[in-house]
Amino acid sequence: MRMYEDEIRLDFRALGQEIRRKRKAKGWTQEYLAQLIDRTPHTVMYMEKRGQYPSITVFYRVVTLLDISVDQFFFSDRANDKNARRKRVDALINTLDEKELAVIEATAEGLKQAREIPDSK
């Protein structure tokens, strides 16, 4: 008898794509990341291209080293609650490198501060 009647099958391909994007943004090769997590370059390649399930230890090391938030991969139902515009913006943001993200962050902070300035009429 299975503990869970409806077994959840996670699709790690999206996580693999995020690993690749973050690794490249840092300028790291698959070989370098493999050294950092004490695995072979094939392990990194399989995670990135095939969505291969890593062990929990490897998973933790990779997401910690690359500063990946895993909520979007584990709680995708929460992401479904977002409106269409937010989803499009999130998708665009996910394609940006660290320098571009810094510009977006500064812009968002500027908009937030401008909202607090009283209108001068």
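Hydrogens, waters and symmetry mates play no part in the numbers below; they use all other heavy atoms, side chains included. This is a predicted model, so every value here is computed, not measured.
Considering only heavy atoms from C-beta on, V63 stays 4.5 Å or farther from I19 through its side chain. Contact check for M47 versus V62: side-chain heavy atoms found under the 4.5 Å cut-off. Two residues are said to be in side-chain contact when any heavy atoms from C-beta on lie closer than 4.5 Å; L33 and L66 meet this criterion. Side-chain contact between I68 and L15 is present, with at least one heavy-atom pair separated by less than 4.5 Å. Using a 4.5 Å cut-off on side-chain heavy atoms (C-beta onward), S55 and R61 make no contact.
Here the side chain of E100 pairs a donor or acceptor atom with the backbone of D97 at under 3.5 angstrom. Using a distance-only test at 3.5 Å, with no hydrogens or angles considered, no donor-acceptor pair links the side chain of T43 to the main chain of R39.
Taking CD1 of I37 as the start and OH of Y32 as the end, the distance is 12.5 Å to the nearest 0.5 Å. Note that CD1 of I104 and CG of L96 are 6.0 Å apart. Values are rounded to the nearest 0.5 Å. With rounding to the nearest 0.5 angstrom, the CG atom of L101 is 8.5 Å from the OG1 atom of T95. Rounding to the nearest 0.5 Å gives a distance of 6.5 Å between CD of Q113 and CD of E109. In this structure, H42 NE2 and K49 NZ are separated by 10.0 Å, a value rounded to the nearest 0.5 Å.
Cluster annotation: V58 and Y60 are assigned to distinct hydrophobic clusters (Ile/Leu/Val/Met/Phe/Trp/Tyr, side-chain heavy-atom contacts under 4.5 Å, transitive). Tracing side-chain contacts under 4.5 Å through hydrophobic residues (I, L, V, M, F, W, Y), one never reaches V89 starting from V103; they form parts of separate clusters. In the hydrophobic clustering of ILVMFWY residues, with side-chain heavy atoms under 4.5 Å counting as a link, V70 and L65 come out together.
Sorted by first and then second residue, the ring pair (Phe, Tyr, Trp, His ring centres under 6.0 Å) pairs involving residues 85-114 (not counting sequence neighbours) form an empty list. The list of side-chain hydrogen bond (donor to acceptor under 3.5 Å, both in side chains) pairs with a residue in residues 15-28, not counting sequence neighbours, reads E18-R21, R23-E48.
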Checklist line | F12 vs Y46, side chain to side chain contact (heavy atoms under 4.5 Å, CB included): CA-CA, chis, key distance, verdict | finding: CA-CA 11 Å; F12 268 57; Y46 291 148; over 6 Å; no
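Here the shortest heavy-atom pairing between P41 and A34 reads N-CB, 3.5 Å.
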